[in-house]
Number of protein chains: 2
Amino acid sequence: MDTRTRLATLLDSLRDKGHRLTPQRVAIIRTLVEHDGHPTVEQLHQAILPDFPTTSLATVYKTIAMLKEDGEVLELGFGELGSRYDGKHPEPHPHLICTRCGAIADYSLQGLDELVARMAAETGFAVASHRFDMFGLCPACRATAPKPNTVAQSDADHATGQLPG
Amino acid sequence: MDTRTRLATLLDSLRDKGHRLTPQRVAIIRTLVEHDGHPTVEQLHQAILPDFPTTSLATVYKTIAMLKEDGEVLELGFGELGSRYDGKHPEPHPHLICTRCGAIADYSLQGLDELVARMAAETGFAVASHRFDMFGLCPACRATAPKPNTVAQSDADHATGQLPG
DNA sequence: TTCCGTGCAAAGAGTTTGCATCTGT
DNA sequence: ACAGATGCAAACTCTTTGCACGGAA
């Protein structure tokens, strides 16, 4: 599903559920769906301010809360990196997080769902969702890093994109 | 390694690194290592208050920060469940989290490290650590739950223990 | 004796909430 | 018209920090 279809489908779905499509909401959702990374609440807010200068942070939080309830956004809470959101691919999938530049790359691992199902069967848990994240240095930071183990953090954005998987 | 050995080794290691072994620290660390679950900061604090009534929350946080730096405790940050700590097995391992009663069970999945290594090789990331959590209903809550999909949260403690894995 | 650790209180960040106003339907 | 959304500010939780006192080594 391409971004345009995803946006239209999402908006339809929200309308069907009785949610109102205010300009602010549409702007937030559009940004979320079109964003090629894993934006923070702050980034979403900044992105729509030019179009809707009075939009408050609270509205962004409320809109995200609504989307979360409907399962239309994946929330990635990190301790220090803050919370990031993925409105493009709301289904659980592995992430690779660079502890130096903060880049977050998606990865699709075939067979993961089966693995989760197997663990569920073995333990008796009814697994509804999961989270699989890996932390380390992205290729770019690896090349630049003084020492391969040094862990720092910055806001470099040279690798905020996706990985083929 | 049994709990007793783990405690002694950890204390030795801290001493070797020049940290002072105050009674409060020893109490916090002992509780952390002996705890059969994944205690919160608050729980650790409450646990040592009977022995050291003046201990502050700040000291617990500072002690945990020290242990984290030394890699002697695994921090599990959850959005709503708060942060939990594992001082028994600080190495990354999968967890099964019950979204109804809050129970957190450990699980050891053989072959996980190889899987992570494979993903690292494919993506070029230098993976230093990872996190793999599954969310759903534990066996006990499954049996009690009105509907298998209902997700609620409480502080039931009927299943805070470990799973064989 | 010397720092490091402790404990209190204040500060801080991120997120949520109450409420009056506004608006999509 | 009216239920629902917005925006502002206050509140809230969890965690960190500054600083003077106290205690481990």
Side-chain angles (χ1 to χ4, degrees), chain A residues 11-32 38-46 48-70 72-73 75-85 102 153 155, chain B residues 11-32 38-46 48-70 72-73 75-85 102 153 155:
Chain A
L11 292 179
D12 281 347
S13 159
L14 292 179
R15 203 166 14 224
D16 288 349
K17 284 172 182 155
H19 297 300
R20 289 185 187 167
L21 296 188
T22 65
Q24 293 95 327
R25 277 192 179 168
V26 175
I28 294 166
I29 293 167
R30 166 186 285 278
T31 306
L32 198 47
H38 301 78
T40 63
V41 165
E42 198 60 55
Q43 285 172 336
L44 292 171
H45 187 220
Q46 291 299 323
I48 66 169
L49 274 187
D51 289 332
F52 304 93
T54 65
T55 308
S56 71
L57 219 31
T59 295
V60 182
Y61 277 111
K62 286 167 184 167
T63 300
I64 288 176
M66 175 191 69
L67 294 172
K68 273 198 286 181
E69 277 186 22
D70 293 350
E72 298 290 6
V73 70
E75 185 178 43
L76 300 172
F78 298 107
E80 25 183 63
L81 266 160
S83 285
R84 311 301 199 91
Y85 299 89
Q153 62 231 39
D155 270 319
Chain B
L11 293 179
D12 281 348
S13 160
L14 293 179
R15 202 165 16 222
D16 289 350
K17 284 171 183 157
H19 297 300
R20 289 186 188 167
L21 297 188
T22 65
Q24 294 95 327
R25 277 191 180 170
V26 175
I28 294 166
I29 293 167
R30 165 187 285 278
T31 307
L32 199 48
H38 302 78
T40 63
V41 165
E42 198 60 56
Q43 285 171 337
L44 292 172
H45 187 221
Q46 291 299 323
I48 65 170
L49 274 187
D51 289 333
F52 304 93
T54 65
T55 308
S56 71
L57 221 31
T59 294
V60 181
Y61 276 111
K62 284 167 184 167
T63 300
I64 288 176
M66 176 191 68
L67 294 172
K68 272 198 287 182
E69 276 186 22
D70 294 349
E72 298 290 5
V73 70
E75 186 178 42
L76 300 172
F78 298 106
E80 27 182 64
L81 265 159
S83 285
R84 310 302 198 90
Y85 299 89
Q153 63 233 37
D155 269 320

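Below, chain A is the first sequence line, B the second, and so on; all start at residue 1.
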Backbone N or O of T55(A) within a donor-acceptor pair of the H45(A) side chain at under 3.5 Å? yes
L67(B)/L32(B) under side-chain contact (heavy atoms from CB on, under 4.5 Å): CA gap, chis, key distance, verdict: CA-CA 11 Å; L67(B) 294 172; L32(B) 199 48; 3.6 Å; yes
Please state how far atom CG in D12(B) lies from atom P in dA25(D), giving the value in whole angstrom units. 12 Å
Could I get a table of every N or O pair under 3.5 Å where one atom is in the protein and the other is in nucleotides 15-17 of chain D?
from	atom 1	to	atom 2	distance (Å)
dT15(D)	OP1	S83(B)	OG	3.3
dT15(D)	OP2	Y61(B)	OH	2.4
dT15(D)	O5'	Y61(B)	OH	3.3

Using a cut-off of less than 4.0 Å, is there contact between a side-chain N or O of S56(B) and OP1 or OP2 of dT6(C)? no
Could you state the atom-to-atom distance from CG of L67(A) to P of dA5(D) in whole Å? 12 Å
Rounding to a whole Å, what distance do you find between K17(A):NZ and dA5(D):C1'? 18 Å
Describe the nucleic acid contact of E42(A) in one word from base, sugar-phosphate, nothing, applying a heavy-atom distance below 4.0 Å. nothing
Between T22(B) and Q24(A), which has a closest nucleotide on DNA chain D that is more 5'? Q24(A)
Nearest whole angstrom, please: distance from the P of dG14(C) to the CG of L44(A). 15 Å
Gap between atom NZ of K62(B) and atom CZ of R25(B) - 0.5 Å precision: 10.0 Å
Residue pair S83(B) / G77(B): nearest heavy atoms and the distance that separates them: OG-CA, 3.7 Å
Could you give the CG-to-P distance, from L81(A) to dT15(C), as a whole number of Å? 12 Å
Taking the side chain from R15(A) and the backbone from L21(A), do they hold a donor-acceptor pair closer than 3.5 Å? no
Where the side chain of R20(B) is concerned, which of dA24(D), dT25(C), dG7(D) is the nearest nucleotide? dA24(D)
With a 4.5 Å heavy-atom cut-off, do L57(B) and E42(B) have their side chains touching? yes
Quick one: the side chain of R25(A) and the base of dA5(D), do they pair up donor-acceptor inside 3.5 Å? no
Could you check how far CG of D16(A) sits from C1' of dT25(C), rounded to whole Å? 14 Å
Rounding to a whole Å, what distance do you find between Q43(A):CD and dT15(C):C1'? 17 Å
Does a side-chain N or O of T59(B) approach OP1 or OP2 of dG7(C) to a distance below 4.0 Å, or not? yes
Between I29(A) (CD1) and dT6(D) (P), how many Å, whole number? 10 Å
Could you walk me through whether L44(A) and I64(A) pass the side-chain contact (heavy atoms from CB on, under 4.5 Å) check? CA-CA 10 Å; L44(A) 292 171; I64(A) 288 176; 3.8 Å; yes
